[in-house]
Amino acid sequence: MLDLKLLRDEPQRLAENLEHRRAQIFDDLPTSEGGWAQATIDRIAALDARYRDVLAEGERVRHAQKETSEAMRDVGKLPKPEQAAARAPLVEKGRELRDRERELTTEAETLQLERDEAFARLPNLTHPDSPRGHTDDDHRELRKWGTPRDFAAEGFEPKDHLQLAEALDIVDFAAGAKVTGNKFYYLKHGAVLLDLALQRFAIDVAQKHGFALHITPDLARVEMLQGLGFNPRGESTQVYSVERSDLCLVGTAEITLGGMLADAIVEPSELPLLLCGLSHCFRTEAGAAGQESRGLYRVHQFTKVELFAFVEGDLQVSETMHARFLDIEEEIFQALELPYRVLDIASGDLGGPAYRKYDIEAWMPGRGAYGEVTSTSNCTDYQARRLRIRHRTYDGDGGSKGKNRFCHMLNGTAVATSRALVAIFENHQQADGSIAIPKVLQGFAGIERISPRT
RNA sequence: GGAGGAGUGGCCGAGCGGUCGAAGGCGGCGGACUUGAAAUCCGUUGUGGCGGCAACGUCACCCAGGGUUCGAAUCCCUGCUCCUCCGCCA
């Protein structure tokens, strides 16, 4: 959620940002129509103005109520015979005020709800350097690392990860489909060791960089999802809900890590707070049928080691941390010996909470293209505002207390095992159909290669 | 799953339906005393909304949501969380 001050003081800035983000808020103001962004902001601003009027009126009435009730208290000091007569008009007035106050409160709540529903859907502001646009071509490639293998020179045709997995009998989609459903799978044999080794390695790197290790719940309250900017409801939701409860399966440990500090006010000395979380991730992938749907690339469940940070509510600080997150992600994929490129994601593809987002795409020989393997976002104070996560400030050197500020929050993938498996299978396949385990994982996996079972 | 008990400020803890945003203690911060520290003493110390350049004013918040009442931290209902006992179990 954004700061309401922006709506009141700089509505044109919000309209401009909304235009770049291409986020439709109202059904009757589609992004295809000219001036939709400005009209959207105008409508929310009008709601806010009405809300504040009603709120102020309600407060005046409540103040009058207090006065009446204080007068009633003094009635008790009068001589007994006079009390009843003095009390009657006050009771009458109190009743009127009560009724009026209830009306106004109800109206204010309705207006506030209406305003917040729309306002909370407005996306975060956008980093000035983020490329503007809303297609895949609009992302800016920052750099490439590594060189894709020349399989022709090595004298064999590379297989895609699915062919490799089937031949090696290390992933079973048929059983996954039978027992659970399409896009579920069993990992088997060497893939299990490799998956666990990836987790273990990523955790190692995170710990080395000062992240506190966590294994988080795989479910979270709807309220937490919303606080972090996820929308658990609606047809196009990516989120699985648990029936007869207010719980959802998490799509990422970002939710469970970010939610940990909800409602907290932390001391600046505790920042930056670096957390690493291991969790399963569940995604409905609604509407994703057809596209890149083969194999492990897009599945309903995978395991992920997530990096998360709470930092001071200061852009310079969070941007520095964001660069650090990207560094760590690159360190991991370099260690895995996977060629990749880094993208600065375009405004229209950022997702609500993100102020800026970098994706790492690993080379995937099977599809002859780069495919997303990590993503790191600086969400600034967008999530913190909704979750009420603040830190204290002090003026000068250990000086007096200043105003509490919302923390900035960042998240990033250390490793999502399913996608990493795709990249490792395909990049490290050998002419004989086996898969070489990257050196950094061999100790954790206990094997050096996944070979056909005999 | 069954039976009881409890949820108040950073923590502990008091609170006849009106004078309670809330006693007291601890902790924190500032100061006095001290060569320094401890001890002692004095003062101070919750979060947010709205209005205002500001001083300041005002409203809300005693787990959450409803209700009773002129008036609720205090009474009633529901939910959530925690504790104890029993059952079951990785």
Side-chain angles (χ1 to χ4, degrees), chain A residues 1-9 45-78 80 82-116 119-120 215 217-227 242 244-248 256 259-271 273 313 381 384-407:
Chain A
M1 190 165 68
L2 290 166
D3 189 343
L4 276 165
K5 281 201 188 84
L6 286 169
L7 182 67
R8 292 158 190 172
D9 301 343
L47 277 171
D48 180 54
R50 277 178 60 206
Y51 161 70
R52 278 190 293 170
D53 284 347
V54 175
L55 183 69
E57 179 60 19
E59 285 186 1
R60 278 191 287 276
V61 174
R62 224 166 288 138
H63 187 65
Q65 266 183 309
K66 278 196 171 178
E67 287 174 341
T68 310
S69 120
E70 271 169 44
M72 179 71 83
R73 198 181 62 223
D74 296 334
V75 168
K77 294 170 187 160
L78 295 174
K80 271 270 157 53
E82 295 173 25
Q83 287 189 8
R87 196 171 273 130
L90 286 175
V91 170
E92 182 54 31
K93 189 179 176 201
R95 284 210 177 99
E96 277 169 32
L97 287 171
R98 180 186 63 190
D99 293 344
R100 180 78 181 126
E101 195 272 341
R102 283 186 182 179
E103 268 173 46
L104 288 165
T105 299
T106 306
E107 193 183 345
E109 278 171 359
T110 306
L111 283 167
Q112 187 181 23
L113 205 71
E114 206 177 331
R115 178 199 69 186
D116 286 350
F119 187 73
I215 294 178
D218 287 338
L219 291 87
R221 295 180 199 286
V222 168
E223 180 200 335
M224 287 297 162
L225 283 270
Q226 289 172 334
V242 177
R244 278 177 289 125
S245 80
D246 63 344
L247 295 176
C248 304
T256 41
M260 285 178 83
L261 258 58
D263 287 310
I265 305 176
V266 299
E267 291 296 331
S269 59
E270 296 173 60
L271 299 174
L273 183 61
D381 59 0
R385 183 166 283 111
R386 237 197 183 181
L387 292 169
R388 300 166 302 277
I389 301 175
R390 293 146 294 172
H391 65 82
R392 300 193 188 285
T393 63
Y394 297 95
D395 302 328
D397 302 322
S400 57
K401 243 172 35 172
K403 210 167 149 52
N404 292 334
R405 299 175 70 180
F406 289 106
C407 292

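Chain letters run A, B, ... following the sequence lines, proteins first, then strands; residues in each count from 1.
- For Arg95(A), a side-chain nitrogen or oxygen approaches OP1 or OP2 of C70(B) to under 4.0 Å.
- Taking OG1 from Thr68(A) and NE2 from His63(A), the interatomic distance works out to 10.0 Å, rounded to the nearest 0.5 Å.
- Of the candidates C70(B), G48(B), G49(B), the closest approach to any side-chain atom of Arg98(A) belongs to C70(B).
- Here Arg102(A) reaches the OP1 or OP2 of U68(B): one of its side-chain N or O atoms lies under 4.0 Å away.
- A73(B) is unpaired under the Watson-Crick or G-U wobble criterion, no partner having all donor-acceptor distances under 3.5 Å.
- We find that CG of Leu55(A) is positioned 6 Å from C1' of C50(B), with the value rounded to whole Å.
- Atoms CZ (Arg60(A)) and P (G57(B)) sit 18 Å apart, rounded to a whole Å.
- For the atom pair CG of Leu104(A) and CD of Glu57(A), the computed distance is 5.5 Å after rounding to the nearest 0.5 Å.
- At the phosphate of C59(B), OP1 or OP2 sits under 4.0 Å from a side-chain N or O atom of His63(A).
- Here C11(B) sits opposite G25(B) as a Watson-Crick or G-U wobble pair (both hydrogen-bonding atom distances under 3.5 Å).
- Whole-Å rounding puts the His391(A) NE2 to G10(B) C1' distance at 18 Å.
- Both Lys66(A) and Glu92(A) lie close to RNA chain B; mapped to their nearest nucleotides by heavy-atom distance, the more 5′-ward contact belongs to Lys66(A).
- Taking atom CG of Leu104(A) as the reference point, atom P of C59(B) lies 15 Å away to the nearest angstrom.
- When each of C59(B), U81(B), C50(B) is scored by its nearest atom to the side-chain atoms of Arg52(A), the top-ranked nucleotide is C50(B).
- Judged by distance alone, with hydrogens and angles left aside, the side-chain atoms of Arg386(A) form a donor-acceptor pair with the main-chain N or O of Gln226(A) at under 3.5 Å.
- Summarising the geometry, the separation between CD on Gln65(A) and P on G17(B) is reported as 21 Å, rounded to the nearest angstrom.
- The 12-atom threshold is not exceeded at CD of Glu223(A), counting heavy atoms of other residues, nucleotides or ligands nearer than 6.0 Å.
- One interatomic measurement links the two molecules: CD of Glu101(A) to C1' of G67(B), which rounds to 15 Å at whole-angstrom precision.
- Considering only side-chain atoms of Tyr51(A), the nucleotide from G49(B), A60(B), C70(B) that sits closest is G49(B).
- For Glu59(A), counting side-chain heavy atoms from C-beta on, the closest listed nucleotide (C50(B), G48(B), C80(B)) is C50(B).
- Under the Watson-Crick or G-U wobble criterion, with both distances below 3.5 Å, U19(B) is left unpaired in every strand shown.
- Look at Arg62(A) and you won't find any side-chain N or O under 4.0 angstrom from OP1 or OP2 of C50(B).
- Inspection of the Ser69(A) and Gln65(A) side chains reveals no N or O donor paired with an N or O acceptor under 3.5 Å.
- Remark: C1' of A54(B) and NZ of Lys403(A) are 15 Å apart, rounded to the nearest angstrom.
- The distance between atom CD of Glu109(A) and atom P of C50(B), rounded to the nearest whole Å, is 16 Å.
- When the nucleotides G48(B), C80(B), G18(B) are ranked by their closest atom to the side chain of Ser69(A), G18(B) comes out on top.
- No engagement by Lys93(A) is indicated, since no non-hydrogen atom pair under 4.0 Å with the nucleic acid exists.
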